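Notes to accompany the following structure.
Basis for what follows: all heavy atoms, side chains included, without hydrogens, waters or symmetry-related copies. Note that the structure is a prediction, hence the values are computed from the model and not measured. Order of appearance sets the numbers: ligands from 1, and atoms from 1 within every ligand.
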Amino acid sequence: MAANFTLFLVIFCAFFQLSRPFTVIMTDSGVPSTLIDGPQTGFSINKNGARTNPQEQDAVYDIMRATGNDWATDIPDVCRGRWHGIECMPDKDNVYHIVSLSFGALSDDTAFPTCDQTKSYLSESITKLPHLRTLFFYRCFTCNPQPIPKFLGQLGSTLQTLVLRENRHIGSIPAELGNLTRLRVLDLHKNNLNGSVPVNIRPGTTLRSLDLSGNKLNGSIPAFSFPVLNVLDMSQNLLMGSIPFTLGSCQSLVKIDFSHNRLTGSIPDSFSGLKELILMDVSYNRLSGPFPTSLSSLTSLQALILKGNQMGSTAIPSDCFDGMKDLMILVLLNMNLHGPIPESLGRLNSLRVAYLDGNHFNGSIPSNFRDLKNVSELRLNDNHLTGPIPFGREMVWKMGRKLRLNNNSGLCYNANNGFEDAFDRGIGLCDAHKPGSARTVQHLSNNTDGDMTTTINVSAGAVRKTSVSVRLSQLASLFLFILLSLQGK
Ligand SMILES: *[C@@H]1O[C@H](CO)[C@@H](O)[C@H](O)[C@H]1NC(C)=O
Ligand SMILES: *[C@@H]1O[C@H](CO)[C@@H](O)[C@H](O)[C@H]1NC(C)=O
Ligand SMILES: *[C@@H]1O[C@H](CO)[C@@H](O)[C@H](O)[C@H]1NC(C)=O
Ligand SMILES: *[C@@H]1O[C@H](CO)[C@@H](O)[C@H](O)[C@H]1NC(C)=O
Ligand SMILES: *[C@@H]1O[C@H](CO)[C@@H](O)[C@H](O)[C@H]1NC(C)=O
Ligand SMILES: *[C@@H]1O[C@H](CO)[C@@H](O)[C@H](O)[C@H]1NC(C)=O
Ligand SMILES: *[C@@H]1O[C@H](CO)[C@@H](O)[C@H](O)[C@H]1NC(C)=O
Ligand SMILES: *[C@@H]1O[C@H](CO)[C@@H](O)[C@H](O)[C@H]1NC(C)=O
């Protein structure tokens with residue numbers, strides 16, 4: 001790998017098909033090192049004499065044996081073995097040192113040596129690699145679950161990246177990891193770790209990414225303050241207590257994910273300082289209201305996911321979303337929110353996905369929602385909304401079934417806004433007292449041929465369902481369908 005350490009972080013919102021992943025690229029300036037940093041040409045042109053440090057080579061043999069990779073012990077010089085997953089660097093005497101070891105088939109194009117999951121363990125010989133910067137184990141000890149070894153702390157200030165992902169590690173996070181003072185990445189995602197988050201994880205000035213998600217950690221989130229931290233993921237644990245206000249000083253944060261915990265209290269006002277934040281997910285906790293208006297100054301935010309927290313005692317201020325000009329994904333379902341849908345939402349030109357369903361929103365859908373040209377999925381169902389639906393024909397057709405409006409108190413559609421399939425959604429014409437046929441004919445005469453085809457298809461689907469309940473105001477569309485069917489003969 002190149003000496004200038006480049007880290008790609010891809011933040012997925014896996015559950016939104018439509019959202020594209022956010023890619024964050026971070027480059028590091030060089031780190032003081034006894035090794036010669038610079039482009040590595042590899043061993044192919046490495047002539048006479050250059051070889052791996054013998055103690056480190058023996059340590060690598062041990063580590064490979066411990067993971068069931070005995071084949072490696074036949075390789076006379078491991079740095080020349082050139083398997084994916086080992087990286088070496090020369091010192092000034094042209095002796096090569098191991099700087100990176102990786103295991104596990106992360107993807108098709110990163111074919112690191114796999115582990116024999118039934119008997120693999122982490123060999124203590126790792127502590128004999130004094131130049132090790134990266135240690136990466138993915139799905140390695142799954143059938144032989146073991147705690148994270150305390151001896152990893154002995155890697156001291158050299159180790160920069162520690163990834164122990166989906167290894168079924170048990171027990172608690174050893175306090176000894178606090179000894180890793182120059183860590184940039186600590187990733188313990190999806191193990192069975194319990195106990196609390198050690199407060200002494202404090203590589204304050206270097207930590208870029210901390211991922212402890214998918215464990216059974218309890219206790220509260222320590223009052224971390226990491227100036228260069230980009231990614232903080234503690235989702236899917238059993239964490240309690242409130243979100244520490246000190247996180248507001250982690251001004252480089254790009255992603256915060258605390259979803260699926262038991263956090264209480266409110267989102268700290270200090271979060272308003274997180275100007276780089278792109279994704280914030282605190283869904284499915286026990287956070288309380290009022291709605292966190294401090295978030296309105298998060299100008300980089302692209303995804304805000306607050307669902308499943310009951311914070312709706314008061315209405316959302318109408319200008320609440322004005323600052324979030326880049327927001328693409330907004331998920332506020334099941335939050336017991338009251339009052340009107342804020343108008344500032346309709347001014348978010350980048351908005352693609354908005355789930356506002358399962359609340360108590362009342363009043364009408366803001367008329368500026370018709371300007372949300374990039375919205376491809378909008379859920380407003382299960383609220384108390386009334387009045388006309390402001391979307392034009394094009395938006396309605398584009399969203400199709402991804403526009404959900406059912407179970408509101410009094411939404412209605414205007415005859416010419418492309419809402420002929422309103423049958424399915426239990427929504428009637430706004431002016432329900434006039435005879436429907438007249439309007440329908442007018443509408444029909446307004447259409448181009450292409451539009452009519454679509455109308456028939458949609459109506460045909462709708463008519464099938466009308467056997468359950470045909471409402472007077474809906475007869476219009478049925479009439480249209482019959483009329484067009486006859487014409488077609
Ligand atoms: C911490 O690191 C130092 C060297 O930096 C080492 O001597 C010591 O044993 C380590 N302590 C633990 C608990 O890992
Ligand atoms: C953590 O898990 C281990 C085994 O998985 C168990 O022995 C230990 O009691 C647990 N500790 C806590 C604090 O729950
Ligand atoms: C964490 O869970 C363990 C049991 O697994 C319990 O003994 C301990 O008190 C809990 N800690 C906190 C801070 O709730
Ligand atoms: C809307 O989407 C189009 C096409 O995907 C894109 O070119 C445009 O920049 C988007 N507008 C905003 C405000 O995001
Ligand atoms: C919406 O509900 C609030 C109470 O939550 C009420 O005060 C207000 O009048 C309602 N507005 C409309 C338009 O129904
Ligand atoms: C309609 O929405 C309300 C929330 O506004 C919900 O409590 C109720 O269960 C929903 N009814 C149906 C039939 O889904
Ligand atoms: C369609 O009908 C409306 C009246 O409902 C009228 O204002 C509009 O100009 C008509 N459009 C076309 C293209 O005929
Ligand atoms: C309408 O139905 C025809 C034939 O069944 C089909 O080819 C066409 O794609 C449908 N149009 C839409 C918009 O579903």
* Structure fact -> Taking every heavy atom of Ser272 against every heavy atom of Ser294, the minimum-distance pair comes out as CB-O, 3.4 Å
* **disulfide (SG to SG under 2.5 Å) partners for Cys115, two or more places apart** =>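 For Cys115 the disulfide (SG to SG under 2.5 Å) partners, ignoring immediate neighbours, are Cys140.
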* Quick one: pull up CG in Asn309 and CD1 in Ile267 and give me the separation to the nearest 0.5 Å. =>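 Reported to 0.5 Å precision, the distance equals 7.5 Å.
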* Does the pair Asp382/Arg404 count as a salt bridge with the N-to-O cut at 4.0 Å? ->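 Looking at Arg404 together with Asp382, the answer is no, because their closest N to O distance does not fall below 4.0 Å.
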* To do: Salt-bridge test for Arg168 and Glu166: reply yes if a basic N is under 4.0 Å from a carboxylate O, no otherwise.
  =>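 No, Arg168 and Glu166 are not salt-bridged.
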* **N or O contact, His360 vs ligand 6, cut-off under 3.5 Å** =>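 Min N/O separation from ligand 6 is not below 3.5 Å for His360.
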* **By side chain to side chain contact (heavy atoms under 4.5 Å, CB included) - contacts of Asn191 (at least two apart)** =>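 Scan of Asn191 (side chain to side chain contact (heavy atoms under 4.5 Å, CB included), adjacent residues dropped) gives Asn167, His169, Leu188, Leu193, Asn215.
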* To do: For His384, counting its heavy atoms only, list the atoms of ligand 6 lying under 4.0 Å from any of them.
  =>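 Near His384, the atoms of ligand 6 are 5 (O).
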* Which of the numbered atoms in ligand 6 are below 4.0 angstrom from a heavy atom of Asn407? ->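 Once the distances to Asn407 are compared, the set is 1 (C), 2 (O), 3 (C), 8 (C), 10 (C), 11 (N), 12 (C), 14 (O).
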* Would you check ligand 2 and list the protein residues that come within less than 4.0 Å of it by any heavy atom, ordered by chain and number? =>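 The answer is Ile170, Asn194, counting any residue whose heavy atom sits under 4.0 Å from ligand 2.
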* May I have all residue pairs that pass salt bridge (charged side-chain N to carboxylate O under 4.0 Å, His left out) and include part of residues 222-248, sequence neighbours excluded? =>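 Passing the test, one end in residues 222-248: Asp233-Lys255.
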* To do: Taking the six-membered ring of Phe391 (Phe, Tyr or Trp), confirm whether the NZ or CZ of Arg370 is under 6.0 Å from its centre and within 45° of its axis.
  => no
* Does Asn359 have a heavy atom less than 4.0 Å from any atom of ligand 6? -> yes
